[in-house]
Structures are given as C-alpha cells and as structure tokens.
Colleague: 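First the structure, which I've put down as structure tokens, then a few questions once you've had a look.
Any value given below was found using the heavy atoms of this structure, including those in side chains, with hydrogens, waters and symmetry copies removed.
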Amino acid sequence: MIRAFLVDDEEHALNILNILLARTGEVEVVGTASNGYDALDSLRTLRPDVAFLDIEMPGMSGVELAEAIEGEHLDTQVVFVTAYDRYAISAFEQDALDYLLKPLEMDRLTKTVLRIKKEKQKQGLPAASAASEASEASAGSAASGGTSAGDSASGNSGASRTAGTSGILGASGISGSSAAAAGFPEREGSGPPPVLNVRLMGGVSASAGEERLKWRTGKEKELFALLALRGRERLHRDAILDSLWPDEHYQKAKVYLHTCVSFLRKDLRQLGFEGALKYEGEKYYLQPDLFRTDYGVLLEAVQEARGPGSGDRTEELERAISLYGGPLFKEEDYPWADDEAHHLEQTVGELRTELSKRYEQRGDYARMIESAQKQLSRSPYDEESYRLLMKGYSAVGKHDEVFRVYRQMLGRLNELEIEPSEMTKRLFAEIQAPRGFGSGGNG
C-alpha cells in the first residue's frame, strides 16, 4: 500500500483527491494539510511515500514545499496538483514524479498511482531516488517545453547552453592544468573528493578536472555566479528574486527561480556534485566544501598581505596581485555585483600602489616603475601613481621621462577639469629644480 500525504489550501480539493485515491485501492492517505508549513511538520514525522502538493498556496507554495522536502532529505516522492499548466515544466524540473491537472480525472490519477507504485518497487532504490530517475525521464519527454521555460527564466529567448568564459580563481579551488595556472594544487588520482573550481574574475566558469559546467540559460549562469560570489552566505529566496528579476511580478519571478534552481541542480549532478545546491529555511547556498572561487582565494591573499605583524610583506603583496584575473564578471551585466566589482578594482589598485612603495624602499626602481605603470594602465587618473612613477624615473636618472609623465598627468586631470594637488606640484618642482627642466613644467 502506498502511504500518501495531501496538501491543498482548498478543503473541497482535498476531499476530492482523498476520495479518488481511495477508489484506486492502492493508496492510504496518512494525513492532510491546508498549508505548506503545517505539511512540512507532519511530513517530518509521517515520512509518507508520496506527497500530493497543490502549487498555488498562500505563504509557502507547493514548489517551495517540494524544495524543503528535498532539502531535508525526507525520501518522499512529490506529485504536483495544479490548475495551471504553465507550472508543469517547473514541476518536472523540481524532481517531481508527476503532476496532475485540475479538475482531476480518475484515469489520469490511476496512471500516476501506477507510476508511484512502480518507482517504490524498484529494487534497491529508496522512494526519493526513484523519484529522481522518474523526474529525469519525465523532463526528457517534455524537453521542448523545458527549453521554453528555461528561455523565459533566462530573460533571453533562445539562450544557448554554452560554457562560461574563462577568468582566474572565492569562497572555497581549481584542479588540472587550469588549477596550476591559478595557483591551486592539482588533484591526483582518486585522492580527495572533487572540488568545483569557480572563476569569477574575467568572466564566469566552473570546472572539475577536464569537465566544465555548461549553462542552459543565462539566468542559470547568473544564479550560480551570485551564489558562488556570496560564498558561505545563505541567500534568502526574496533577495535572489530582487537581484535577478527585480522588475518581474513576484509569483512569476518565483517560477523562474525554481526553474533555474532545477536546471543548476541537474547540471551540477551531471558533473558529479549531487546535493551541491542547498535549500534551508527559504535560503539557498552552495555547499562550502564542494567549491572554491578565484575571488575568494584572492581575498584570502589580500587579508594575508594586510594582516597584523611586522615584516616587509612584499612577497605577500606580489602573490595577491598575481591572483587578480581581471574585472569581476567581465562582460556580464550583473547590477547586483557592481559594489563588489568596484571594491575589487579599488583593492587591487591599493595593492599595486603599496607594492610600488615597497619597491622604492628596497631601491628596486625598475619594479617600482613597472608596478606604477600597470596601475596607471588600469586607472589613468590615479595621481599618486603618477607621483610614484616620476620618483622612479628620477631615481634612475631618466629626467626626460619625469617631464613626460607630468605632462601626461596634466592632460588626464584636465579631462576632469581639475588641477594637480599641491603635493604633486611640489614633488615635480623638487625633482626638476636641480635638473634645470625650466619653469614651463607646471603648465
């Protein structure tokens, strides 16, 4: 006998489903609930074989309840019951065993019961694992509709399933040749469990060994990027909706989110990362010990370079700067990442400036000049870097370069309609005085 639990906010709908299931002679209804919160409490205790979930419910929707069931590993199969066919693809993608359209038909319900029974009887497979396999088969039969739903979720019709662009190394590493290039140790043989190596700088990509995560839609990629950037932080569903679908109707945005979550879970599973995307208490997060990012590795190196204690720290600064792989999410339009992207560029600029000063203290003027030039190539209005560059050229006797750099700085600052600071003017005057540059250098 199949043990079933029914959830619907309409008492009439619960009674009808209860009667129809009794008529099959295969199902025992062990409990009912009118909302997702009460249902979840009962499911934790009863552990039924299957839960029939209405999708449209106030508070916690049926899709969100299915998320919670999966997140708590309750080993309960899910069948969605809905009056809206537009939810069908989302239902299958949520690893539901089946979905039923209201008004319910006895013949269709009988087929669902047979499917539940068949999955339950699969030798060596618990109900939840059987449900997952059935979901894959069902999603495959609805492939054309699934693509349509995914395109809607991405916000770009016809979005192709392509690999993310390359970047460098946040929160947790990289294996194979790409790992070595990014400063991560390679994983050999069957050693430790695989780690998903995520690049957020210079683009977005994720790989495990030679295999790369491929995105079905642009929004799936963006969701992954958001979760990876936040690292160990658990993001509330509504915060994700505000970030990825700020202009969409709330209910519609939730459907898009659940579709993207399902796509991402399946793609991670295919790469060998079962259960990597977690959902608890209406919050999503990536399991920390299964992934690491270039951004997180860089932040750790920055913290080490700026940490307390005495010492030169030049090597630590060099290492941190070497881990910089380009702008955060380069070429991606992620407004929610603007603050982090700006902070990253500011931090790297400060590191280069600090490194130039360390080289000056060491008397390594060639590297001092090189470091200041790199900073100016990325931040052409950085007056402090102009001063460091002038001091470096002066120290090696390249006085004509000092004058050229000063004129270059004047041109850049003129674009902003500002004058050099008194500190910069005074430095230039001190450098030029014994060399006889003349009085025209101040413009």
Side-chain angles (χ1 to χ4, degrees), residues 201-202 298-299 301-328 330 337-443:
M201 291 185 287
L298 171 59
L299 293 184
V302 170
Q303 187 175 22
E304 182 179 354
R306 290 177 164 177
S310 59
D312 187 279
R313 297 294 177 95
T314 300
E315 286 72 22
E316 287 83 354
L317 285 168
E318 290 174 334
R319 178 178 181 272
I321 293 173
S322 72
L323 293 173
Y324 174 71
L328 195 63
K330 184 180 181 181
D338 286 347
D339 289 344
E340 284 92 342
H342 175 74
H343 178 69
L344 173 61
E345 297 305 306
Q346 183 179 40
T347 298
V348 173
E350 291 170 355
L351 293 178
R352 290 198 187 98
T353 299
E354 181 63 25
L355 186 59
S356 295
K357 294 177 180 179
R358 298 295 174 87
Y359 288 144
E360 181 184 17
Q361 293 171 1
R362 287 185 170 190
D364 192 344
Y365 299 114
R367 289 189 178 182
M368 174 187 178
I369 291 170
E370 180 184 10
S371 181
Q373 287 175 330
K374 286 183 178 179
Q375 174 59 10
L376 286 172
S377 69
R378 292 168 172 81
S379 184
Y381 304 101
D382 186 347
E383 193 172 344
E384 184 172 14
S385 291
Y386 282 112
R387 289 197 297 268
L388 288 166
L389 191 54
M390 286 191 293
K391 291 169 71 174
Y393 279 131
S394 176
V396 298
K398 293 186 177 182
H399 310 301
D400 55 336
E401 287 297 311
V402 175
F403 185 75
R404 181 191 62 77
V405 169
Y406 188 74
R407 298 297 298 182
Q408 179 184 357
M409 180 198 66
L410 290 178
R412 286 295 190 179
L413 296 182
N414 186 57
E415 295 174 9
L416 303 178
E417 299 182 349
I418 60 176
E419 289 285 325
S421 67
E422 290 300 319
M423 181 186 298
T424 301
K425 291 179 179 180
R426 186 166 55 252
L427 171 65
F428 181 68
E430 291 172 355
I431 292 175
Q432 72 166 342
R435 305 300 175 185
F437 282 151
S439 60
N442 282 325

Colleague: Salt bridge check: are Arg352 and Glu384 linked by an N-O gap of less than 4.0 Å?
Modeller: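 Judged by the 4.0 Å cut-off on N to carboxylate O distance, Arg352 and Glu384 do not form a salt bridge.
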
Colleague: Are Lys391 and Glu401 within salt-bridge range, i.e. N to O under 4.0 Å?
Modeller: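 No, no charged N to carboxylate O under 4.0 Å.
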
Colleague: Other residues, nucleotides and ligands only: do more than 12 of their heavy atoms fall within 6.0 Å of CD on Gln303?
Modeller: no

Colleague: Starting from the C-alpha separation in whole Å, work towards a yes-or-no answer on side-chain hydrogen bond (donor to acceptor under 3.5 Å, both in side chains) for Gln432 and Tyr406.
Modeller: CA-CA 11 Å; Gln432 72 166 342; Tyr406 188 74; over 6 Å; no

Colleague: Can you spot which of Leu328, Ile321, Leu344, Thr347 makes a side chain to side chain contact (heavy atoms under 4.5 Å, CB included) with Leu298?
Modeller: Leu344

Colleague: Looking only at heavy atoms, what is the nearest atom pair of Gln373 and Tyr393, with distance?
Modeller: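 Smallest interatomic distance, heavy atoms only, reads NE2-OH, 2.8 Å.
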
Colleague: What is the distance from atom CD1 of Ile431 to atom CE of Met390, rounded to the nearest 0.5 Å?
Modeller: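 Output value for this atom pair is 5.5 Å.
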
Colleague: Which heavy atom of Arg319 sits nearest to which heavy atom of Ala301, and what is that distance?
Modeller: NH1-CB, 3.3 Å

Colleague: Identify the heavy atoms of Leu413 and Pro420 that sit nearest to each other, and give their distance.
Modeller: CD1-CA, 3.7 Å

Colleague: Might you point out which heavy atoms bring Pro380 and Tyr386 nearest each other, and give the distance in Å?
Modeller: O-OH, 2.7 Å

Colleague: Answer yes when Glu415 and Arg412 have at least one side-chain N-carboxylate O distance shorter than 4.0 Å, and no when they do not.
Modeller: yes

Colleague: Taking Glu318 first and then Arg313, would you say they form a salt bridge - that is, a charged N and a carboxylate O separated by under 4.0 Å?
Modeller: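 So Glu318 does not pair with Arg313 through a salt bridge.
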
Colleague: Does Arg378 pair with Glu345 as a salt bridge, N-O distance under 4.0 Å?
Modeller: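 The answer is no: the pair does not qualify as a salt bridge.
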
Colleague: Evaluate Thr353 against Ser356 for side-chain hydrogen bond (donor to acceptor under 3.5 Å, both in side chains), listing each step before the verdict.
Modeller: CA-CA 5 Å; Thr353 299; Ser356 295; over 6 Å; no

Colleague: List the steps, then state whether side-chain hydrogen bond (donor to acceptor under 3.5 Å, both in side chains) holds for Ser379 with Asp382.
Modeller: CA-CA 6 Å; Ser379 184; Asp382 186 347; 4.6 Å; no

Colleague: Taking all atoms of both residues into account, what is the closest heavy-atom pair of Ala320 and Leu351, and its distance?
Modeller: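 The pair with the smallest heavy-atom distance is CB-CD1, 4.1 Å.
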
